[in-house]
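Every chain is numbered from 1, with letters handed out A, B, ... down the list of sequences.
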Amino acid sequence: MMYNPTEIEKKWQKIWDDENTFAASNNSDKPKFYALVEFPYPSGQGLHVGHPRSYTALDVVARCRRLQGYNVLYPMGWDAFGLPTENYAIKNHIHPEIVTKNNVARFKSQLKSLGLSFDWSREVNTTDPSYYKWTQWIFIKLFERGLAYKKKMAVNWCSSCKCVLANEEVVSGACERCGGEVVRKEKSQWMLKITEYAQRLIDDLSTVDYPERVRAQQLHWIGRSTGAQVRFDTTAGDPIEVFTTRPDTLFGATYMVMAPEHSLIEKWSHQLKNVEEVRAYQAEATKKSDFERTEVAKDKTGVMLDGVRAINPVNGREIPIFISDYVLASYGTGAIMAVPGHDTRDWEFAKKFGLDIIEVVKGGNIEVEAFTDCETGIMVNSGFLDGLSVEEAKEKITNWLKEKGIGESKVNYKLRDWVFSRQRYWGEPIPIVDCPKCGFVAIPEDQLPLRLPRVENYEPTENGESPLASIHDWVNVSCPKCGADAKRETDTMPQWAGSSWYFLRYTDPNNDKELASKQAISYWLPVDWYNGGMEHTTLHLLYSRFWHKFLYDINVVSTPEPYAKRTSHGMILGENGEKMSKSRGNVVNPDEIVKEYGADTLRLYEMFIGDFEKAAPWSSASIRGCRRFLERVWSLSENIIPGDGLRPQTEAAFHKTIKKVSEDIENLKYNTAIAALMALLNTVTDLGGITRQEYRVMLILLNPFTPHITEELWELSGYDGRISESQWPEYDASKCIEQMIEIAIQINGKVRSRITVPADIQQNEAISAAKADPKIAHAINEKKIVRELYIPGKIINIVVK
RNA sequence: GCGGGUGUGGCGGAAUGGCAGACGCGCUGGCCUUAGGAGCCAGUUCCUAACAGAGUAUGGGUUCAAGUCCCUUCGCCCGCACCA
């Protein structure tokens with residue numbers, strides 16, 4: 001019989017559906033295992049070959065765990081709010097709801113064709129009112145606890161999406177999604193206080209199993225730095241507060257710099273002799289985009305405030321104050337003390353403006369460049385700090401500042417609060433009413449969900465308001481608290497809202513009383529293994545950790561962290577090694593691969609393609625090798641030879657393969673697991689066939705990777721029940737050892753010959769056997785043997801002179 | 001600049017300090033075939049007719065033994081980037 005993947009794949013997909021084979025139970029005596037992949041955004045382009053890499057990898061884990069006796073939850077859903085859908089809807093005059101429905105249907109049928117063992121009865125969709133009811137509920141809880149607030153501030157504005165962006169969504173000055181130019185805009189926005197969780201987001205990274213690159217990226221993004229906040233008095237009376245990580249260099253502070261937006265400048269305007277010049281510089285700075293302002297190689301610019309000077313608290317020296325855009329209003333206090341001797345930026349600025357540069361740590365040459373790498377240096381020109389190490393000086397000066405009441409130690413984070421409003425239609429409405437008397441009022445919980453109104457026109461407006469703002473009967477409401485005329489918030493939530501808690505909903509997807517029952521959450525959480533893309537490290541992954549911690553604080557979830565283990569797959573590139581994209585013309589469509597080779601071949605190939613964590617180029621030639629392998633597994637069913645159990649000559653090979661495949665699946669080494677299975681097939685083929693029991697083991701080991709063909713061969717071979725309900729084989733370590741082993745013999749570390757000896761041979765016997773080998777005997781000849789080593793089972797090395 | 005990776009055949013890639021190149025692709029030769037983008041067998045790091053050599057980006061070191069550990073230099077990828 002021929003291997004016909006199209007036929008058997010359809011057959012088994014239907015059976016799994018009909019029999020609910022992969023449904024997880026919230027009540028089970030088995031140990032639980034929660035495997036999670038990032039749910040996709042159902043785009044109009046359909047599934048990309050990159051999606052199955054992640055989905056198959058965790059499908060392998062999920063299927064393997066089921067065979068190992070776990071109660072496995074492996075769910076799937078749709079992260080369906082978002083701009084592309086809205087833009088498509090605008091362009092084609094179809095409601096986003098319809099677009100979403102169509103895209104979801106297409107994605108779902110594509111995913112089903114891959115034979116992924118999702119529990120489809122738990123499917124969720126973030127755009128479903130019964131889902132976003134709870135997204136809104138969480139927002140209200142955040143609001144009630146002061147973690148959601150509205151603030152007028154400079155925001156990142158994507159001029160193409162006509163929408164604000166979070167800091168995390170700006171990539172080198174451009175919009176993360178569309179690449180459009182990002183400019184600064186003053187707007188009143190809903191914000192979430194993620195900064196309040198900064199320290200816990202750092203601390204708890206040590207309690208979870210994340211790849212180093214993910215951990216490092218999050219730490220860096222949160223950007224904790226310790227130092228001191230110091231107050232400098234000024235001749236104008238108002239002090240300037242600065243943050244510094246180097247309080248030890250205070251004696252070297254020869255000028256100060258404030259961000260152009262700093263509020264003191266306005267206050268001092270009447271005392272400044274060069275107000276015009278200052279105003280001009282401020283205007284220039286606001287006009288610049290973020291990208292221009294943060295260009296690194298850029299020359300330092302600035303204006304000195306003429307008329308106000310600061311006083312260095314350690315020596316009473318009067319120093320000038322500048323404004324410059326190299327100081328950011330949004331970090332620290334928006335002002336710095338400049339120590340040009342020991343900070344590169346300050347040094348450049350000082351050189352340009354002819355300011356004093358004082359060496360306060362010995363060791364560098366401050367005439368040539370700032371001496372920044374000076375943590376081990378000794379203090380000089382620093383009064384009572386002279387002679388101390390940098391570390392001692394830090395401590396002494398901080399204590400001194402505290403005693404004098406002019407400063408104290410301080411921790412700062414680069415992380416900013418999360419800009420949470422979007423001026424768009426296709427998102428969750430923010431459930432807040434703005435009442436002239438009561439201020440912002442959350443709508444009562446029993447009125448959730450606050451549904452998106454049906455509208456004719458959902459195009460963004462030029463003035464930066466949400467399309468919802470023009471729907472008068474929706475906007476104008478009475479205040480839920482006092483009944484007065486009030487207005488609804490018309491912005492919607494960002495794309496990241498729904499995905500910040502979706503993994504909780506899977507545990508109890510139809511609950512209309514709670515986002516999920518406490519019981520279901522405590523049973524399933526934390527997620528045991530979460531795989532997803534690196535691109536979400538400082539977005540979704542960080543956001544969802546924040547929300548989870550908040551839900552932990554209000555006693556909705558029972559674990560401080562949502563994911564016990566995170567892994568990250570590499571991208572699948574086009575055949576030319578470049579990122580797949582329509583414009584490059586190197587896109588591979590998974591549907592066509594399934595049609596030509598079958599889903600099992602696609603799955604196997606994507607797992608075999610290379611190191612799971614690294615990017616790998618697609619190869620339409622290599623995939624044929626995977627199909628060939630499956631053909632050989634198929635025809636092996638017609639080559640069953642008599643015999644019971646494992647044969648003596650295959651026993652070690654099988655036990656070793658069971659061990660290798662089991663371990664490799666745990667360690668993301670899918671490629672070598674498959675290589676081991678290929679090698680096992682070669683072994684039995686060389687022996688002329690396979691016994692029934694051997695074939696059974698081989699099929700189970702292969703089942704997580706290629707579920708359809710193994711299910712079919714299982715049935716054809718007449719084994720009991722379904723392979724998906726069978727048991728994962730166990731290996732016996734003592735049986736992994738071959739009876740006879742080949743050992744290499746080295747002379748002075750170079751391999752000169754090999755001998756085959758019993759595995760349990762003793763050192764002296766092994767060495768005598770080695771010396772008896774003619775090549776070795778010849779090589780030793782009359783030389784003096786200095787040393788003889790036998791590393792059991794591995795190598796013999798004879799050192800001669 | 002900072003952080004995280006990474007460098008091995010023609011290609012994707014294997015190798016708890018112990019036989020470098022597993023497994024697959026491709027390629028070469030053969031068998032089978034009317035035919036082959038099918039199948040089977042053999043071979044395939046480089047140099048060599050063969051023996052012998054050389055070989056894991058670079059230069060050094062540790063070791064009986066180094067792709068693997070330590071130091072140097074170089075290249076590439078990803079993230080962050082005037083964060084005081």
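Remark: the separation of the C1' atoms in G10(B) and G79(B) is 33 Å, to the nearest Å. For U45(B) and C80(B), the P atoms lie 42 Å apart once the distance is rounded to whole Å. Using atom C1' as the reference point in both G55(B) and G7(B), the two lie 15 Å apart (nearest Å). As rounded to the nearest Å, U62(B) and C70(B) have P atoms that lie 15 Å from one another. Spacing of P atoms, C25(B) relative to U58(B), comes out at 30 Å, to the nearest Å. Nucleotides C2(B) and C47(B), compared at atom C1', are 45 Å apart to the nearest Å. To the nearest whole angstrom, the two C1' atoms, one in C64(B) and one in C51(B), are 27 Å apart. Nucleotides C27(B) and U6(B) place their P atoms 32 Å apart, quoted to the nearest Å.
Other residues, nucleotides and ligands contribute at most 12 non-hydrogen atoms within 6.0 Å of the CD atom of Glu391(A). Within a 6.0 Å radius of CG in Asp373(A), no more than 12 heavy atoms belonging to other residues, nucleotides or ligands are found. In Lys659(A), the NZ atom is not crowded: 12 or fewer heavy atoms of neighbouring residues, nucleotides or ligands sit closer than 6.0 Å. The environment of Lys775(A) atom NZ is sparse: at most 12 non-hydrogen atoms of other residues, nucleotides or ligands sit within 6.0 angstrom. More than 12 heavy-atom neighbours from other residues, nucleotides or ligands sit within 6.0 angstrom of CE on Met740(A).
Contacts of Arg224(A) with the nucleic acid, taken as non-hydrogen atoms under 4.0 Å apart, are absent. Residue Lys579(A) is out of contact with every strand shown, counting any heavy-atom pair closer than 4.0 Å. When heavy atoms are screened at a 4.0 angstrom cut-off, Ser225(A) is found touching the sugar-phosphate backbone but no base atom. Nucleic acid contact class of Leu789(A) (heavy atoms, under 4.0 Å, all strands): base.
An OP1 or OP2 oxygen of C64(B) is reached within less than 4.0 angstrom by a side-chain nitrogen or oxygen of Arg787(A).
Each of Tyr413(A) and Lys660(A) was assigned the nucleotide of RNA chain B with the nearest heavy atom; the assignment lying further toward the 5' end belongs to Lys660(A). When each of Val751(A) and Val799(A) is assigned the nucleotide of RNA chain B with its nearest heavy atom, Val751(A) is the one assigned upstream, toward the 5' end.
In this structure C64(B) sits in a base pair with G18(B), meeting the Watson-Crick or G-U test at under 3.5 Å. Figure legend. U56(B) is base-paired to no nucleotide; pairs are counted as Watson-Crick or G-U wobble with both atom distances under 3.5 Å. Base pairing of C11(B) is made with G24(B), judged by Watson-Crick or G-U wobble geometry with both donor-acceptor distances under 3.5 Å. Look at G1(B): its Watson-Crick or wobble partner, with both distances under 3.5 angstrom, is C80(B). Here G29(B) sits opposite C41(B) as a Watson-Crick or G-U wobble pair (both hydrogen-bonding atom distances under 3.5 Å). Of all nucleotides present, none satisfies the Watson-Crick or G-U wobble test against A49(B) with each distance under 3.5 Å.
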How does protein reach along nucleotides 22-28 of chain B, written 5' to 3' as B (base within reach of a heavy atom under 4.0 Å), S (only sugar-phosphate), or - (no contact)?
BBSSS--
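Distance CG (Asn797(A)) to P (G17(B)): 18 Å, rounded to an integer number of Å. Rounded to an integer number of Å, the gap from Lys750(A) NZ to G53(B) P is 7 Å. Residue Ile795(A) contributes atom CD1, which lies 12 Å from atom C1' of A66(B) at whole-angstrom precision. Rounded to an integer number of Å, the gap from Lys775(A) NZ to A52(B) C1' is 13 Å. Atoms CD1 (Ile572(A)) and P (G13(B)) sit 11 Å apart, rounded to a whole Å. Atom pair Glu606(A):CD and G12(B):C1' shows a separation of 14 Å (rounding to whole Å applied). Computed from coordinates, the Tyr331(A) OH to A81(B) P distance equals 13 Å when rounded to whole Å. When the C1' atom of A81(B) is taken as reference, atom CG of Leu415(A) falls 16 Å away, rounded to whole Å.
Of the residues in residues 741-749 of chain A, those lying under 4.0 Å from RNA chain B by heavy-atom distance are Glu742(A), Ala744(A), Gln746(A).
Taking the ring centre of Tyr326(A) as origin, the terminal cationic atom of Lys300(A) falls inside the region bounded by 6.0 Å and 45° from the ring axis.
Of the possible donor and acceptor atoms, one in the side chain of Ser581(A) sits under 3.5 Å from a partner among the backbone N and O of Arg584(A).
Residue Ile791(A) has its side chain nearest to G18(B) when only G18(B), A81(B), G12(B) are considered. Taking the side chain of Lys300(A) as heavy atoms from C-beta on, and the options C2(B), A15(B), C82(B), the nearest nucleotide is C82(B).
Contact annotation: the side chain of Lys394(A) approaches that of Asp248(A) to within less than 4.5 Å [non-hydrogen atoms, C-beta and beyond].
Taking the six-membered ring where the residue is Trp, the centroids of Phe349(A) and Tyr255(A) are separated by under 6.0 Å.
Evaluation of atom-type donor-acceptor distances gives no pair under 3.5 Å for the side chain of Lys414(A) against the base of C80(B).
Donor-acceptor pairing under 3.5 Å is recorded for the side chains of Glu38(A) and His536(A).
Phe612(A) and His569(A) have tilted rings, their planes meeting at an angle from 30° to 60° on a 0 to 90° scale. Taking the six-membered ring where the residue is Trp, Tyr543(A) and Trp496(A) present tilted rings, their angle falling between 30° and 60°.
Base orientation of G9(B): syn, the glycosidic angle falling within 90° of 0.
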